Amino acid sequence: MMRLFAAAAAAGVALAASTSARAQTTPAATPQPDARAKAIEDVVAANHILAELGVVDGYGHVSVRDPSDPTRFLLARSQAPELVTSGDVLVHDLDGNVANLPAGVKLYLERFIHAAIYRARPDVTAIVHDHAPSLIPFGITGVPLRPVYHMSSFVGGGVPVFDIRKAAGKATDMLVKTPELGKDLAQTLGAHPAALMRGHGVVVVGRDLQQAVFRSVYIELNARLQAQAMALGKNVIYLDADEARQAEEFNNSTLARPWALWLRKVQGK
């Protein structure tokens with residue numbers, strides 16, 4: 001009986017030692033960043049990606065709806081996109097205000113673009129505003145932007161043009177820097193993925209930052225290609241509605257691939 005008791009005790013000690021050893025060698029689970037922190041990282045990355053690809057320069061801005069509060073959005077302070085850091089990203093409400101704004105910190109004058117669109121479009125989670133030169137001619141000539149290849153299929157439903165002079169009823173400095181002008185722009189955008197801004201640039205929206213960045217890159221490329229095609233001849237063959245729809249469905253399933261490539265290009269910068 002004593003031998004059996006001793007054997008059982010020894011087995012118990014061995015089991016405890018084994019369990020302790022496994023506990024010491026099993027790596028701890030990697031802590032996951034909270035949703036807002038991850039969204040801020042993505043806003044910074046999107047700014048840098050669009051700067052790297054030449055879509056934005058010293059001007060332009062990117063935002064994402066706050067994942068912890070849909071009545072808020074994350075947008076940097078007034079800063080050149082390539083220079084944006086996580087410390088620059090501030091929480092804005094749907095009126096374009098920032099609570100407890102630090103002294104001396106300036107906000108983007110056109111933050112009302114973002115505020116109004118988020119208020120009008122619950123489906124939108126990310127917004128890009130830029131001044132890509134290739135898009136300007138399509139906002140001032142009456143020539144519609146149309147999809148010339150599969151990567152820009154999302155423009156197949158049309159890209160409306162916002163004319164700030166008509167919205168304001170008078171001459172302006174061309175900036176959407178009031179809530180009223182932001183609302184007018186959001187109405188022009190409607191359910192479209194993008195809207196041109198006469199003599200100014202473009203606003204592009206997406207279900208997430210990956211889609212908004214993808215669309216911002218390829219709407220600019222489409223403008224260049226369309227202008228080249230129109231210069232070559234009058235008989236330009238555009239994607240038809242069904243081709244555009246099918247291509248967009250496929251492209252939306254692959255957004256992580258270019259995002260990963262573009263992210264690698266800007267990491268460490």
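Predicted model, so just to flag it, every value in this text is computed and none were measured.
- Asp88 contributes a side-chain N or O that, together with a main-chain N or O of Thr85, makes up a donor-acceptor pair within less than 3.5 Å.
- In this structure the side chain of Phe162 reaches within 4.5 angstrom of the side chain of Val176, judged on heavy atoms.
- In this structure, Thr254 has no side chain to side chain donor-acceptor pair (under 3.5 Å) partners at least two apart in sequence or on a different chain.
- Counting heavy-atom neighbours within 6.0 Å of Ile237 CD1, excluding the residue itself, gives a total of 12 or less.
- Separating the CG atom in Asp57 from the CD atom in Glu82 is a distance of 10.0 Å, to the nearest 0.5 Å.
- For the side chain to side chain donor-acceptor pair (under 3.5 Å) test with His61, the passing option among His129, Arg77, His114 is His114; the others fail.
- Interatomic distance, CD of Gln210 versus CG of Leu263, reported as 9.0 Å (0.5 Å rounding).
- Among residues two or more places apart in sequence or in another chain, the ring-ring contact (aromatic ring centres under 6.0 Å, His included) test is passed with His92 by Phe73.
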Indicate every side-chain donor-acceptor pair of residues 187-196 with a distance under 3.5 Å to a residue at least two apart or in another chain.
from, atom 1, to, atom 2, distance (Å)
Thr188, OG1, Asp184, O, 3.2
His192, ND1, Gly158, O, 3.1

query = Trp262 and His48: side-chain contact (heavy atoms from CB on, under 4.5 Å), yes or no, with the steps?
reply = CA-CA 9 Å; Trp262 297 333; His48 294 180; over 6 Å; no
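- The distance from atom CG of Asp208 to atom CZ of Arg65, rounded to the nearest 0.5 Å, is 12.5 Å.
- Partners of Arg257 by salt bridge (Lys or Arg N to Asp or Glu O under 4.0 Å), not counting sequence neighbours: none found.
- No continuous path of hydrophobic side-chain contacts links Leu232 to Leu145 [ILVMFWY only; heavy atoms under 4.5 Å].
- In this structure, Arg207 has no salt bridge (Lys or Arg N to Asp or Glu O under 4.0 Å) partners at least two apart in sequence or on a different chain.
- Residues Val143 and Leu221 share a single hydrophobic cluster, defined by chaining ILVMFWY side chains whose heavy atoms lie under 4.5 Å apart.
- A distance of 5.0 Å separates CG of Leu261 from NZ of Lys265, quoted to the nearest 0.5 Å.
- Counting heavy atoms from C-beta on, the side chains of Leu181 and Phe112 never come closer than 4.5 Å.
- Contacts classified as ring pair (Phe, Tyr, Trp, His ring centres under 6.0 Å) and involving residues 221-259 (residues at least two apart or in different chains) are not found.
- Cluster annotation: Leu225 and Leu239 are assigned to distinct hydrophobic clusters (Ile/Leu/Val/Met/Phe/Trp/Tyr, side-chain heavy-atom contacts under 4.5 Å, transitive).
- Applying the side chain to side chain donor-acceptor pair (under 3.5 Å) test to Asp69 and every residue at least two apart in sequence or in another chain returns Thr71.
- Scanning all heavy atoms of the two residues, the minimum distance from Gly96 to Ala115 falls at N-CB, 3.8 Å.
- Clustering ILVMFWY residues whenever any of their side-chain heavy atoms sit less than 4.5 angstrom apart, transitively, puts Leu53 in a cluster other than the one holding Ile136.
- Leu50 approaches Ser216 most closely through the heavy-atom pair CD2-CB, 4.0 Å.
- When side chains are defined from C-beta on, Met197 does not count as touching Ile164, because their heavy atoms never get closer than 4.5 Å.
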Can I get a per-line list of side-chain donor-acceptor pairs under 3.5 Å for residues 165-174, giving both atom names and the distance, sequence neighbours left out?
from, atom 1, to, atom 2, distance (Å)
Thr172, OG1, Met174, N, 2.9
Asp173, OD1, Leu175, N, 3.1
Asp173, OD2, Lys177, NZ, 2.5

message = side-chain contact (heavy atoms from CB on, under 4.5 Å), that's the test. Do Ile219 and Phe154 meet it? Break it down for me.
response = CA-CA 9 Å; Ile219 196 171; Phe154 57 90; 3.9 Å; yes
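- Using a 4.5 Å cut-off on side-chain heavy atoms (C-beta onward), Asn251 and Ser153 make contact.
- Distance alone, capped at 3.5 Å, places no donor-acceptor pair between the Arg36 side chain and the Ser68 backbone.
- No side-chain heavy atom of Val43 sits under 4.5 Å from any side-chain heavy atom of Leu75.
- Legend: residues meeting salt bridge (Lys or Arg N to Asp or Glu O under 4.0 Å) with Asp123, ordered by chain and number and at least two apart, are Arg121.
- Take Arg119 and apply the side chain to side chain donor-acceptor pair (under 3.5 Å) test, not counting sequence neighbours, and it matches Asp95.
- The OG1 atom of Thr125 lies 11.0 Å from the CG atom of Asp66; values are rounded to the nearest 0.5 Å.
- When the salt bridge (Lys or Arg N to Asp or Glu O under 4.0 Å) test is applied to Arg215, the partners found at least two apart in sequence or on another chain are Glu248.
- A side chain to side chain donor-acceptor pair (under 3.5 Å) with Arg224 is found for exactly one of Gln228, Gln226, Glu220, namely Glu220.
- In this structure the side chain of Val202 reaches within 4.5 angstrom of the side chain of Asp130, judged on heavy atoms.
- Contact annotation: the side chain of Val159 never approaches that of Phe138 to less than 4.5 Å [non-hydrogen atoms, C-beta and beyond].
- At a threshold of 4.5 Å between side-chain heavy atoms, the hydrophobic network of Ile, Leu, Val, Met, Phe, Trp and Tyr places Tyr218 and Val236 in one connected group.
- Side-chain atoms of Asn47 and Val56, non-hydrogen and from C-beta on, never get closer than 4.5 Å to each other.
- Grouped with Leu90 in one hydrophobic cluster are Val98, Leu101, Val105, Leu107, the linkage being side-chain heavy-atom contacts under 4.5 Å among Ile, Leu, Val, Met, Phe, Trp and Tyr residues.
- Considering all non-hydrogen atoms of both residues, Ser152 and Pro147 come closest at O-CB, 3.6 Å.
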